[in-house]
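Accompanying notes for the structure given below.
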Protein chains: 2
Amino acid sequence: MTQPEVNLLTETCPSRTSLARVADKWTAMVVIALGSGRMRFGVLRTMVEGISPKVLTGTLRDLERDGLVARYAYAEVPPRVEYELTALGRTLHTPLRALGSWAEEHIPEVLAARETYDAFR
Amino acid sequence: MTQPEVNLLTETCPSRTSLARVADKWTAMVVIALGSGRMRFGVLRTMVEGISPKVLTGTLRDLERDGLVARYAYAEVPPRVEYELTALGRTLHTPLRALGSWAEEHIPEVLAARETYDAFR
DNA sequence: CAGTATCCTATATGATACTG
DNA sequence: CAGTATCATATAGGATACTG
């Protein structure tokens, strides 16, 4: 009863670190992209426009570490590496895809609000 | 047919700017906090532990500009200012709250995955 | 009380170039 | 091809002091 309503907002709450990691622009885009299925590094790089190899690598590493993405490296020349959402990753895809859909659906209202706001300052 | 499957990931897609804004740690926490209802700056500051006044102000400004939060300032001394999700903001609260719930529900798996990953490097 | 003003640092992001 | 290595920079974030 004396607990805060939303533990998630507490500094000591472990899930907050997870939210911080997951509530991130690049993470969201990569996970949404991977929602289309297993794909190679290069394809991912093309899909998520404007992402640098360094950032993509870092994002994928973090996702892999958290058990959200699986990495498959084939011993071929030239190398071939594929990434795929894990079962856990797919559970994350749902809310992130929902967030993406929100952005797509409400962008007109957001843009309109920005114009109104900017017009007054 | 020649369109990419996910426009959202395109650099020229306006909704991508919105996703970038909304897929953010502080934004998520503030919107989740405001899900509890209209509240004062100070309360918000206490709820979202560790947020500095500067960051909270900035986050609220951005949300206000995008039409997601309404600001109510009362001409009193000392000043009293309250913030509340707008109708549009409440539509955003749903997917963000879902993301928060995901973090809460799956944190054990995430932590376990991290341990396994770190054990090997 | 609700911010704003400052100052400073960490980290994220970018842009390439380079290699197994 | 799939990264890693580097270098440079911007910008977010943090700490704090100050004021209408």
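To find a chain, count down the sequence lines: A is the first, B the second, and so on, and within it residues start at 1.
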task: Measure the distance from CG on L60(A) to P on dA12(C) and round it to the nearest whole Å.
output: 16 Å
- prompt: Side chain of R97(A), backbone of I32(A): donor and acceptor closer than 3.5 Å?
  reply: no
dG3(D) phosphate, OP1 or OP2, under 4.0 Å from R80(A) side-chain N/O: no
message: With rounding to the nearest 0.5 angstrom, report the CG to CG distance, L8(A) to L99(B).
response: 9.0 Å
query: Among dT16(D), dT13(C), dT16(C), which is the nearest nucleotide to the side chain of P53(B)?
result: dT16(D)
message: Over all strands shown, is R40(B) touching base, sugar-phosphate only, or nothing at heavy-atom distances under 4.0 angstrom?
response: sugar-phosphate
message: Counting only side-chain heavy atoms from C-beta out, which of dA2(C), dG3(D), dG14(D) sits nearest to W26(B)?
response: dG14(D)
query: Within a strict 4.5 Å, meaning less than it, do heavy atoms of the L34(A) and M39(A) side chains meet?
result: yes
query: Whole-Å distance between dA2(C) P and Y74(B) OH?
result: 12 Å
Nearest-angstrom distance from the residue atom CG of L56(A) to P of dC1(D): 15 Å
message: Heavy atoms from C-beta onward define the side chain here; which of dA2(C), dA15(C), dG3(D) lies closest to that of T57(A)?
response: dG3(D)
- prompt: Atom OH of Y72(B) to atom P of dA2(C): distance rounded to whole Å?
  reply: 16 Å
message: Pairing check on dT11(C): which nucleotide meets the Watson-Crick or G-U wobble criteria with it, both distances under 3.5 Å?
response: dA10(D)
field: Watson-Crick or G-U counterpart of dG20(D), or none if no pair lies under 3.5 Å
entry: dC1(C)
- prompt: According to a strict under-4.0 Å criterion, is R71(B) in side-chain N/O contact with OP1 or OP2 of dG3(C)?
  reply: yes
message: Categorize Y83(A) for me: base, sugar-phosphate, or nothing, with a 4.0 angstrom heavy-atom threshold over every strand shown.
response: sugar-phosphate
- prompt: Would a distance-only check, ignoring hydrogens and angles, find a side-chain to backbone donor-acceptor pair under 3.5 Å from R71(B) to V81(B)?
  reply: no
query: Where each residue is assigned the nucleotide of DNA chain C containing its nearest heavy atom, which of R45(B) and K54(B) is assigned the position nearer the 5′ end?
result: R45(B)
query: Of the nucleotides dG3(C), dG14(C), dG20(D), which one has an atom closest to the side chain of K25(A)?
result: dG14(C)
message: Without decimals, in angstroms, what is the distance between E82(B) CD and dA2(C) P?
response: 9 Å
Rounded distance (Å) that lies between atom P of dA12(C) and atom CG of D24(B): 13 Å
message: Taking CD in E115(B) as the centre, count heavy atoms belonging to other residues, nucleotides or ligands within less than 6.0 Å. Is the count above 12?
response: no
task: Measure the distance from CZ on F41(B) to P on dT4(C) and round it to the nearest whole Å.
output: 8 Å
message: In whole Å, I'd like the distance from the CD atom of E64(A) to the C1' atom of dA2(D).
response: 14 Å
